Amino acid sequence: MGLTVTEKIIKDHIITGKLERGTEIGIRIDQTLTQDSTGTMAYLQFEALGIDRVKTKKSVAYIDHNMLQAGPENADDHLYIQTVAKKYGVYFSRPGNGICHQVHLERFGVPGDTLLGSDSHTPTCGGLGMLAMGAGGLDVAVAMAGGEYFITMPQIVKVELRGRLNPGVAAKDIILEVLKKVGVKGGLNRVFEYTGEGIKHLSVPERATITNMGAELGATTSIFPSDDMTYRFLKAQKRKEDFREIVADEGAIYDDEIIIDLDELEPMVACPHSPGNVVPVSTLKDIKVDQVAIGSCTNSSYMDLMKVAKILDGNTVAEDVSLVISPGSRQVLNMLAENGALSKLIAAGARILECGCGPCIGMGQAPSTNGVSLRTFNRNFKGRSGTPSANVYLSSPEVAAVSAIRGYITNPIYYDVWDLEMEDLEEFKINDNLIVEPIKDIEDIEVIRGPNIKPFPKSDALESRLMGKVLIKVGDDITTDHIMPSNASLLPYRSNIPYLADYCMTPCDPEFPIRARENGGGIIVAGSNYGQGSSREHAALVPLYLGIKAVIAKSFARIHRENLINNGILPLVFANQSDFDNMVTLDELVLENLLEQIEDGKITAKNKTRDEEYILLLDISERQKDILIAGGLLNWMRS
Ligand code: MIC
Ligand code: SF4
């Protein structure tokens, strides 16, 4: 039987289980990456595992999110990560070197290898033919310690790209089209594997734009084959020895298929407040923009910014628009500086930011009140920009650059003065002097911990009886940005769970932390796709700290559900979805004989306030049941 690219890589790495769809499998992880906003917790958890040195082929720690240093907290976290990386044999990418996903693609990713990152956009390296997945910090810590990573053996969706993109239409429009077709929950336990004639013309950074934003489908990951294009990219990065061809077999069998005709594709935009809210740019009329932001791990490659420079060349950013550009990596910025493109961006009036996530995670550049911001990023959840009333649209760099000049969201194909065909790049500028390599002699390395680094909360073994009040009832598609908001003032406290607890769920209900404290913890009730978005384990650690014992939802996003289990919080699903309507905030629920009921995967909850009973499902593996019973992954590993 022919195999897909995904199956080939899984087959090479499988340790536990079989390639049977829907069953749990454990795979060996070759590489890990962490970034700073999830990294401190991941390394504290790694330290708790008591291992001397990382056991992966390569582990890399990046500093890219928490870049504003308005107080000592972020710099303290950087220092902790730098010293802990040195102590345990982890490569360290210094602040200013770029966004983890962009730098990993350029300098570390290897076709055919597996990568686990404590960031949901780790699938970026799928553009190189890597099986790259996002996870919570604890799963990444376990992978660094040589442990397997467990996933549900995914369904594999063939995304066949036919034809070729027209000028002004970009890789970003392909992934926006997939999001339009599939939606933000359509990717659960699925891998999107790209094939077809159309992929031949897509460079690795373009492919990476697509696999990066595949995270917004809720997918396990997205992947391209490793082919001639991959070879050319690796060669240009002076890494041709890392190349290995991996293409799907002739008769490979897929579970589903999507066909996209690139010749027909138009520039697209995701409208507020969801990346799944996609429409063609041509359908939007007279949307005036106040801010345009170009960058992020989705769209800040050399080619992306060269296109922007070409469009802006000789023009001026519209009077009422603030254009900010955050290059993805120092390689990109350096090359733009050397070939003069940077000077064109500056001359047009762009505000150049340092290489990092920047505005994408609300680290500065919050738009004005009710402002419209057009961004080349991957997420436009309400409030994520730092301005709760802002309306954020997502687009390609082409749409963003043209719109920055015109001051309105504009279709670049009707504004066709630029020839954006780019020659294939033969050589990138290689300079790894901001990457600190691991050293052998680690005995005397002192790990430096700033005063803001507090211990992470630990869960207890599951008790047979769980009693608690419904502390909040929320609707569908609640993101981790709702559960644990992130912005320039909160990100410095990513190592301080007690501090963050005061902000938990506040975008949904400002009283939530008070109610949780007053009731000594309790239960969260939610609609479908609860926990979509980021991999931040804080969205489980902070509720754990507040005494949350269970979340009852219509369905969960993959990474968040894993984070709940790893921290001993029950992720329960309504057997009868209409029971959601019957529950009201402050209803008192009791779950009896939990230890036996967990084995059945079916749990009865009594609503004492309303004298009702609900059946809740716990559709998880035996391993996960044991983890919950032990009170989380760390306890389970110790026992
Ligand atoms: C994001 O894009 O939401 C983040 C910030 O990169 C997160 C990680 C985090 O919350 O630190 C992610 O995507 O996992
Ligand atoms: Fe950084 Fe934004 Fe990418 Fe997250 S999505 S890694 S915040 S650039």
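Keep in mind it's a predicted model, so treat the numbers as computed, not measured. The first residue of the sequence shown is numbered 1, and numbering continues consecutively from there.
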Under 4.0 Å between a Lys/Arg side-chain N and an Asp/Glu carboxylate O for [X] and [Y]?
X	Y	result
Arg494	Asp77	no
Asp432	Lys238	no
Lys200	Asp228	no

message: Can you see whether Gln35 engages Asp119 through a side-chain donor-acceptor pair at a distance of less than 3.5 angstrom?
response: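 Gln35 vs Asp119: donor-acceptor pair found between side chains.
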- prompt: Will you find, in the side chains of His121 and Asn378, an N or O donor that is under 3.5 Å from an N or O acceptor?
  reply: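 There is such a pair between these side chains.
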task: State yes or no: are the ring centers of Tyr88 and Phe46 separated by less than 6.0 Å?
output: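 They qualify: ring centres under 6.0 Å apart.
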message: If you take the centroid of each ring, where Trp contributes its six-membered ring, are Phe233 and Phe428 closer together than 6.0 Å?
response: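 Between Phe428 and Phe233, the centre distance is under 6.0 Å.
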message: For the CD atom on Glu197, are there more than 12 heavy atoms of other groups (residues, nucleotides or ligands in this structure) within a distance under 6.0 Å?
response: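 Counting other residues, nucleotides and ligands, CD of Glu197 stays at 12 neighbours or fewer.
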- line: Smallest heavy-atom separation, Pro359 atom then Phe377 atom, equals C-CE1, 3.8 Å
- request: Answer yes or no: is there a donor N or O on one side and an acceptor on the other, between the side chain of Gln291 and the main chain of Gln365, under 3.5 Å?
  value: yes
- prompt: Between Ile439 and Ile445, is a side chain to side chain contact (heavy atoms under 4.5 Å, CB included) present by the stated rule, with each step listed?
  reply: CA-CA 10 Å; Ile439 51 167; Ile445 310 275; 3.8 Å; yes
- prompt: According to the interplanar angle, ranging from 0 to 90°, do the rings of Phe224 and Tyr194 count as parallel (below 30°), tilted (30 to 60°) or perpendicular (above 60°)?
  reply: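 Rings of Phe224 and Tyr194: parallel, under 30°.
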